[in-house]
S.K.: 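My questions all concern the structure below.
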Amino acid sequence: MKNKYGVLVGPMLTEKGTMLKEQQNKVLFKVATAANKIEIRLAVEEMFKVKVSSVATINCMGKKKRMGKTQGKRPDWKKAIVTLKDGEKLDFVEGV
């Protein structure tokens, strides 16, 4: 992945993500499946102007679903847990 805008798909705003953000200064992102930890770190640092201390990635497999007699599968996707350095802050939704 060469393009930093293609690495990050979007933020994940969940209850667990909010708890991680408040307690441990971690932020959740949905990322491209081909992206690695170095590319994710560089994309977050360049796009949001913050310093990243570590990145953890999780591959989430798509579930098998049935629609009548036909069977399909949801797409696989990747999640990144980005830990920010002390003193750094990243807010997606302010004032809500």
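Basis for what follows: all heavy atoms, side chains included, without hydrogens, waters or symmetry-related copies.
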S.K.: Should V31 and Y5 be regarded as members of a common hydrophobic cluster, given that ILVMFWY residues are connected when their side-chain heavy atoms come within less than 4.5 Å of each other, either directly or indirectly?
M.R.: yes
S.K.: Would you say F29 and V44 make side-chain contact, with heavy atoms under 4.5 Å?
M.R.: yes
S.K.: Name all pairs fulfilling the side-chain hydrogen bond (donor to acceptor under 3.5 Å, both in side chains) condition that reach into residues 73-82, sequence neighbours left out, sorted by first residue then second.
M.R.: K73-D76
S.K.: Rounded to the nearest 0.5 Å, what's the gap from NZ on K21 to CG on L90? Could you check?
M.R.: 6.5 Å
S.K.: Under 4.5 Å between any side-chain heavy atoms of T57 and K37, yes or no?
M.R.: yes
S.K.: Using a 3.5 Å distance criterion without hydrogens, assess whether the side chain of E45 forms a donor-acceptor pair with backbone atoms of V52.
M.R.: yes
S.K.: Does CD in Q71 sit with more than 12 non-hydrogen atoms of other residues, nucleotides or ligands closer than 6.0 Å?
M.R.: yes
S.K.: How far apart are the closest heavy atoms of V9 and A32, and which atoms are they?
M.R.: CG2-N, 3.8 Å
S.K.: Are L13 and V27 connected, step by step, through hydrophobic side chains (Ile, Leu, Val, Met, Phe, Trp, Tyr) whose heavy atoms are closer than 4.5 Å?
M.R.: yes
S.K.: Do you reckon I81 sits in the same ILVMFWY cluster as V7, going by side-chain contacts under 4.5 Å, direct or chained?
M.R.: no
S.K.: Taking atom OG1 of T70 and atom NZ of K65, what is their separation to the nearest 0.5 Å?
M.R.: 13.5 Å
S.K.: To check you understand the geometry: which heavy-atom pair defines the closest contact between G17 and L28, and what is its length?
M.R.: CA-CD1, 3.4 Å
S.K.: F48 versus V82: any side-chain heavy-atom pair under 4.5 Å?
M.R.: no
S.K.: Quick one: closest heavy-atom pair of N36 and E39, and the distance?
M.R.: OD1-N, 2.9 Å
S.K.: Share the residues that join I38 in a hydrophobic cluster, the rule being Ile, Leu, Val, Met, Phe, Trp or Tyr side chains under 4.5 Å apart at the heavy-atom level.
M.R.: L42
S.K.: To the nearest 0.5 angstrom, please state how far the CG atom of N25 sits from the NZ atom of K85.
M.R.: 12.0 Å
S.K.: State the NZ-CZ distance between K51 and R41, to the nearest 0.5 angstrom.
M.R.: 10.5 Å
S.K.: Find the distance between CG (L20) and CE (M12) and round it off to the nearest 0.5 Å.
M.R.: 11.0 Å
S.K.: Using 0.5 Å steps for rounding, measure from the CE atom of M47 to the NZ atom of K49.
M.R.: 9.5 Å
